[in-house]
Amino acid sequence: MSYPFEIIPSLRRETLRRLISEGKRPDNRQLLGMRDLSIRVGVVKTADGSAIVNLGNTKVIAGVKFELGKPFEDTPNEGNLIVNLETPPLAAPTFEPGPPDENAIEIARIIDRALRHSNYIPLRDLVIIPGKSVYTMWIDIYVLNHDGNLIDSSMLAAVSAIANAQVPRAIIDGDNVKLDKSTKVQLNVNPQNMPLTVTYYKIDKYLIVDPTLEEEVMSDGRFTVASDGENIVALQKGSGYFTPEEVDLMINNTISIVKDLKIKVLEMVKTPAGSLML
Amino acid sequence: MSYPFEIIPSLRRETLRRLISEGKRPDNRQLLGMRDLSIRVGVVKTADGSAIVNLGNTKVIAGVKFELGKPFEDTPNEGNLIVNLETPPLAAPTFEPGPPDENAIEIARIIDRALRHSNYIPLRDLVIIPGKSVYTMWIDIYVLNHDGNLIDSSMLAAVSAIANAQVPRAIIDGDNVKLDKSTKVQLNVNPQNMPLTVTYYKIDKYLIVDPTLEEEVMSDGRFTVASDGENIVALQKGSGYFTPEEVDLMINNTISIVKDLKIKVLEMVKTPAGSLML
Amino acid sequence: MSYPFEIIPSLRRETLRRLISEGKRPDNRQLLGMRDLSIRVGVVKTADGSAIVNLGNTKVIAGVKFELGKPFEDTPNEGNLIVNLETPPLAAPTFEPGPPDENAIEIARIIDRALRHSNYIPLRDLVIIPGKSVYTMWIDIYVLNHDGNLIDSSMLAAVSAIANAQVPRAIIDGDNVKLDKSTKVQLNVNPQNMPLTVTYYKIDKYLIVDPTLEEEVMSDGRFTVASDGENIVALQKGSGYFTPEEVDLMINNTISIVKDLKIKVLEMVKTPAGSLML
Amino acid sequence: MAKQPPVPLLSNGKRVDGRLPEEHRPVTMQVGVLPNANGSALVAYGNTIVLAAVYGPREPIPRYITAPDKAVIRVRYHMAPFSTDDRKNPAPTRREIEISKVVKEALEAVVFLEQYPKSTIDVFLEVLQADGSTRVTSITAASLALADAGIPLRDLVIGVSVGKVGDTVIVDLNKLEDNYGDGDLPIAIAYRKGWILLMQLDGVWKPSEVKRGLELAFKAAENIYRIMRETLKGKYMMVVQQ
Amino acid sequence: MAKQPPVPLLSNGKRVDGRLPEEHRPVTMQVGVLPNANGSALVAYGNTIVLAAVYGPREPIPRYITAPDKAVIRVRYHMAPFSTDDRKNPAPTRREIEISKVVKEALEAVVFLEQYPKSTIDVFLEVLQADGSTRVTSITAASLALADAGIPLRDLVIGVSVGKVGDTVIVDLNKLEDNYGDGDLPIAIAYRKGWILLMQLDGVWKPSEVKRGLELAFKAAENIYRIMRETLKGKYMMVVQQ
Amino acid sequence: MAKQPPVPLLSNGKRVDGRLPEEHRPVTMQVGVLPNANGSALVAYGNTIVLAAVYGPREPIPRYITAPDKAVIRVRYHMAPFSTDDRKNPAPTRREIEISKVVKEALEAVVFLEQYPKSTIDVFLEVLQADGSTRVTSITAASLALADAGIPLRDLVIGVSVGKVGDTVIVDLNKLEDNYGDGDLPIAIAYRKGWILLMQLDGVWKPSEVKRGLELAFKAAENIYRIMRETLKGKYMMVVQQ
């Protein structure tokens with residue numbers, strides 16, 4: 001995963017900048033308008049929870065898996081949460097095989113922080129024997145096609161897969177614990193706490209959201225706000241610089257975007273899809 | 001380990017192709033004739049079993065080591081078998097230091113499958129405490145000089161080292177298990193089940209076996225048949241393409257080659273050699 | 001960590017060689033004279049023992065940390081000692097991030113041998129439950145600025161940090177052992193056994209000690225003698241060649257240098273410094 | 001292979017999922033699913049789903065090897081972490097490395113490599129959901145993605161797995177049959193050429209059983225070939241040269 | 001964050017180390033401490049000590065990426081093994097990789113990269129002693145080392161961490177406050193420009209709390225900026241262009 | 001070193017294998033054993049067997065460093081997995097990395113490196129069977145393989161290990177003496193030059209003991225040197241320049 005993907009000709013750059021200075025975008029969106037979003041959950045039968053997100057041409061799939069684990073010493077009464085994000089080489093011409101690079105690690109860690117602080121996942125429900133045995137909940141996010149805005153689309157895939165997750169029953173037999181994958185119960189997430197991110201990209205002095213890859217490559221700044229619709233649960237300034245006024249604006253704006261977006265997301269994650277289509 | 005080793009001049013190629021079309025080879029062998037084979041077992045005193053194979057100028061050494069291990073959950077009554085093949089840089093100008101590459105891994109896995117399915121090794125004898133403690137049997141195959149046909153020569157080295165293997169006695173002391181390397185008993189292999197491979201290389205439409213490196217580099221196809229002399233216990237199509245008729249031919253041919261070859265091998269592995277000579 | 005750092009112009013080389021042939025050095029030292037040495041201990045509050053060594057412009061910091069460990073099977077009544085040396089990229093323009101390279105590993109292993117054989121560290125005091133639980137004592141040596149003679153300066157940093165080390169109390173609770181980092185007792189080193197190294201560099205036929213980086217790069221041979229002031233506890237011939245007479249000379253010379261140097265070092269490690277200054 | 005299955009693999013001539021021995025699971029295909037790739041395909045054999053992407057022919061990153069006279073195919077077969085019963089660690093296993101190699105060697109025989117000297121053709125295969133026969137599903141997906149990329153092929157390649165339950169030779173193994181059956185014989189075929197491009201074997205097989213397996217594989221390939229053609233039809237005129 | 005601290009983090013309006021909520025720990029600085037580096041600095045925020053070295057602008061090793069029209073900054077934030085309570089394995093963690101990235105992106109905005117095409121500027125940060133706020137201390141040290149290297153900067157960068165204990169917003173977290181507090185908001189500021197160059201957030205914050213945190217960070221930066229200027233004064237005329 | 005040996009290492013002036021203190025085990029050699037290598041040798045010191053191969057002088061793979069004015073020697077000392085009592089993991093250990101370096105530095109002094117600018121000479125050493133003294137056996141094998149490759153040498157290099165059992169200095173340690181003895185002093189010698197090319201030391205030694213060790217090593221080298229010459233004789237006229 002490396003930037004930039006390709007050189008954007010300077011003429012094209014000029015056109016895009018002019019458009020944006022007029023409040024428009026190549027695909028006729030508003031500066032703060034998102035692309036079409038579709039979420040389908042339950043698409044991967046081997047996962048304990050799954051979702052595929054299409055945000056314009058950006059495609060991200062996420063899978064949840066529960067495994068047996070040991071709790072950390074300082075949190076004996078909580079399950080473990082691990083967020084991993086992969087950018088396999090099929091998703092973009094510049095992605096290479098190998099362990100997650102700094103870009104993939106950064107996104108996974110933003111999502112991890114937002115999930116953890118929002119209290120969306122009931123980690124206390126994921127204890128089997130306090131201090132001894134807990135569930136380790138893996139959130140594996142897999143980018144399938146990168147056309148910009150991986151942070152927000154990955155976050156959407158993660159919360160949707162979690163909403164779809166079912167926990168295999170733990171069978172305790174003396175000191176021995178096993179998972180019975182044939183018996184699963186729905187994970188009780190707290191929908192009102194579902195966190196989402198809105199990532200802002202700066203082109204000249206203008207802020208846009210949900211960029212295509214082309215817009216992303218030519219942007220000068222990136223700033224992510226994660227919110228449950230009321231509080232801020234993560235921030236991440238990426239490239240460029242921002243003024244305190246811009247930060248204020250992005251935070252307030254995010255809260256209202258997230259409020260609306262969550263309603264859509266909660267609706268879309270209700271009904272599992274029949275099968276996987278891209 | 002990478003191919004090709006070097007460019008073969010086109011004139012030389014032409015000569016070789018013509019020869020082969022006439023059923024001959026540069027060293028006067030038949031198309032399905034093997035090079036001189038010598039096997040000496042017991043050559044490495046630090047190993048629990050060992051063998052060095054010379055097949056023409058190809059030299060492969062294999063060592064068996066027994067260690068304590070835990071059985072896999074689904075095979076509580078079997079020892080563990082691990083086949084590892086290394087192509088150290090001394091064996092060919094293009095081999096590089098490092099973990100086994102795709103070529104080395106492929107060969108190790110073919111040999112692993114053939115050993116496992118043939119039932120040559122009595123894995124059930126390698127249990128110390130059922131479900132708790134077993135022997136892990138390491139087959140380390142080490143290529144010393146690569147002059148073609150690594151698959152067959154590595155297979156020969158593996159089965160010969162196994163025939164030579166002695167198992168250190170396990171001492172059970174309560175929950176504690178230790179190996180006493182000073183007391184060893186012969187491993188009871190099933191000689192009638194000994195698997196061998198015959199690997200066919202295609203040059204134009206002709207099939208040859210046991211190529212030199214030169215022949216191997218100029219071949220268009222590779223196909224390996226592993227057999228105990230009666231059944232097929234592994235197949236591996238490598239490069240090129242083969243017709244169903246060719247596959248049929250190679251399978252039937254292999255069974256008769258293996259029958260003969262096994263007699264020779266069983267003879268050669270009878271008497272341990274005094275010392276290591278190359 | 002790779003040599004040489006840069007090309008030394010041949011004119012400069014000639015000047016240096018001539019100087020040395022006259023028994024002089026660019027900074028007016030004798031051939032066997034060391035640069036100014038300063039050692040300050042207790043400079044890293046998060047470490048259980050620490051020291052920073054300035055030897056001319058070479059700066060090395062060392063930190064000691066105690067962790068819980070299991071003893072090796074053949075030394076049930078000894079704590080574990082691990083010496084690790086890092087050459088982070090801030091210390092020299094040619095150092096690169098990554099695990100220790102052959103140069104760093106070599107130095108760590110020389111220091112490890114000298115520490116182990118000198119009996120400077122009372123490893124028998126580092127047992128918590130014989131055969132079951134011991135302290136693992138980490139000596140992490142960190143090069144901060146490389147201006148030659150890393151072996152001797154790293155050795156100085158190691159012995160000084162060890163002299164400064166305090167062992168956190170072990171709390172045994174049934175089978176459970178924990179470290180209480182708030183209660184520490186001074187490690188009882190054997191000062192008379194403190195090992196130091198003297199590393200000799202050959203330029204033409206002359207032997208010098210404590211080279212600057214420039215002198216080190218143009219040297220033809222390297223030889224390290226580790227001694228407690230009486231016995232030899234490690235030797236390491238590096239580049240070049242040495243005659244038996246030279247070895248004899250270096251060994252005898254080292255013993256007298258170490259005797260004097262130890263007095264200085266023992267004085268300098270007496271009083272912990274207030275804070276870290278470079 | 002000697003392990004006891006949780007349910008009988010064959011009962012009254014029917015398999016655990018109700019199929020007849022020589023019956024293939026439903027096969028579905030989608031091409032052009034990844035906008036960034038030069039070619040892509042999603043192929044399902046029952047509950048086994050593989051996504052394939054082709055990038056190239058393209059100029060490779062300098063550190064990779066090229067050939068002066070032809071294109072080099074690189075194949076990466078990989079299982080997504082959520083594609084298996086127990087979470088799969090994303091680091092490549094020895095099994096994945098071997099499969100990548102045999103799939104590469106299957107494809108090399110049908111691509112007109114000499115048309116693209118000094119370039120690479122990258123084929124990335126992600127198993128998204130695994131229910132047996134993942135390597136043969138991957139080959140079909142790879143072949144489809146190559147065709148979708150407009151890369152000239154001598155023939156389409158169809159992967160079919162064959163297995164054994166006792167003496168019965170079966171087609172298209174699911175996970176249960178793969179884990180508890182008596183043999184696995186994955187095959188890839190250049191259908192019109194009649195070429196065998198991949199062939200591996202696990203278990204103990206009589207020569208006659210292998211022969212029967214090959215026949216069943218060719219038979220099953222016919223239908224899959226038809227579906228591939230239809231999937232591609234209307235999208236591109238596939239360049240097929242004899 | 002929900003963990004119980006061993007001692008109350010706030011008591012009678014005072015923090016565990018006696019500070020007021022908006023009070024920063026003592027800040028000390030030293031520049032030019034590493035003869036080999038082009039620029040270097042040692043910065044302490046209380047007991048947190050970071051050493052920074054700058055190498056460059058220099059021609060990079062071939063295998064690294066450069067840009068034709070500007071310098072590329074590479075940053076490595078790393079914790080020495082003895083810098084933490086439990087020994088830190090020297091292999092880079094995911095946390096260290098992320099911090100290296102955000103610090104790099106903070107510095108990129110103030111260096112006149114276009115003055116050094118095809119070159120790299122390497123910034124190496126070693127945390128020698130960690131007592132909270134290591135990433136913001138690192139940024140201050142990095143900025144100082146860049147100035148010490150004589151690299152033209154648009155502004156100095158000051159790192160300040162802000163946190164929360166219950167509803168109280170505090171400045172410059174120590175380790176205890178970092179481990180047991182209710183939130184962490186590391187910020188880096190180009191002081192005279194008024195630019196925010198790094199901003200991350202842990203915990204649950206009301207928008208108004210974030211705003212208050214930003215204000216406190218700017219206020220704390222003022223004094224640190226003064227110390228930086230004084231530390232650099234007399235050593236170099238810093239090239240500051242508007 | 002303080003460990004108790006299973007049997008006394010010295011008894012009535014004889015060692016566990018019946019040798020006298022200054023007695024070397026039988027030394028056997030074979031050259032030209034690997035057809036692919038430019039030079040090769042198999043050397044046994046008793047039950048310690050090392051195989052050496054030399055490739056080069058050759059043009060190195062681009063990513064490796066060369067020198068404009070001389071050849072670069074690269075050495076890889078490695079133990080085969082079956083060469084030790086417990087299986088040796090094939091990944092290189094810190095010990096193997098250190099030994100590779102000191103062996104390289106031993107050989108550099110005798111090869112006429114300046115005759116092969118911009119090239120590499122690769123020396124690969126595989127310990128096939130380890131019974132103590134593997135590094136010195138490796139050096140003898142390396143030197144023999146270099147000579148077998150026809151590479152001009154200033155002198156042959158002979159490795160000899162010296163050890164201590166109590167106050168007795170012994171020659172050519174076996175595994176038991178290596179594990180339970182009181183010191184290890186591996187030495188490599190350019191025999192005719194009288195140069196010491198490798199010298200390391202483990203244990204606590206009086207200066208006089210080191211001196212005695214060196215003398216014994218030179219003495220033992222004489223016979224090994226003779227065997228090397230005879231092994232090479234008739235095969236090549238070795239180019240030896242003063």
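Chain A is the first sequence line, chain B the second, and so forth, proteins listed ahead of strands; every chain is numbered from 1.
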Inset, instruction - Mind checking the CZ-OH spacing from C:Phe95 to E:Tyr55? Nearest 0.5 Å is all I need. - result: 8.0 Å

Legend entry - Heavy-atom check, side chain of E:Arg87 versus side chain of C:Asp140, under 4.5 Å: yes

Inset, instruction - Pick one of side chain, backbone, both or neither for C:Pro89, based on which atoms fall under 4.5 Å of a heavy atom in chain E. - result: both

Inset, instruction - If the plane angle is over 60° it's perpendicular, under 30° parallel, otherwise tilted; pick one for C:Tyr142 and E:His78. - result: parallel

Inset, instruction - Please lay out, stage by stage, how E:Asp86 and C:Lys181 fare under the test salt bridge (Lys or Arg N to Asp or Glu O under 4.0 Å). - result: CA-CA 10 Å; E:Asp86 292 323; C:Lys181 304 214 170 180; 3.0 Å; yes

Legend entry - Heavy-atom contact with chain C under 4.5 Å, split by part of E:Gln30: side chain

Inset, instruction - Answer yes or no: is there a donor N or O on one side and an acceptor on the other, between the side chain of E:Arg58 and the main chain of C:Pro93, under 3.5 Å? - result: yes

Legend entry - Toward chain C, the part of E:Leu34 with a non-hydrogen atom under 4.5 Å: both

Inset, instruction - Mind ranking C:Asp147, C:Asn57, C:Val64, C:Leu179 by heavy-atom pairs under 4.5 Å with chain E and telling me who comes out on top? - result: C:Asn57

Inset, instruction - List the atom of E:Glu126, the atom of C:Leu90, and the distance in Å for their closest heavy-atom pair. - result: CG-CD2, 3.5 Å

Legend entry - Under 4.5 Å from a heavy atom of chain C, the part of E:Ala44 involved: neither

Inset, instruction - Check for a donor-acceptor pair, side chain of C:Asn145 on one end and backbone N or O of E:Asn36 on the other, with a separation under 3.5 Å. - result: yes

Inset, instruction - Check whether E:Ile49 gets within reach of chain C through its side chain, its backbone, both or neither, counting any heavy atom under 4.5 Å. - result: side chain

Legend entry - Side-chain (C:Lys65) to main-chain (E:Thr84) donor-acceptor, under 3.5 angstrom: yes

Inset, instruction - Check whether E:Ala80 gets within reach of chain C through its side chain, its backbone, both or neither, counting any heavy atom under 4.5 Å. - result: both

Legend entry - Test item: C:Thr46 and E:Lys175 side chains (from C-beta on) under 4.5 Å apart, heavy atoms: yes

Legend entry - Option from C:Asp48, C:Ile61, C:Ile141 for which side chain to side chain contact (heavy atoms under 4.5 Å, CB included) with E:Phe82 holds: C:Ile61

Legend entry - Separation of C:Leu144 CG from E:Leu128 CG (nearest 0.5 Å): 6.5 Å

Inset, instruction - Let me know if C:Lys59 has heavy atoms under 4.5 Å from chain E in its side chain, its backbone, both or neither. - result: side chain

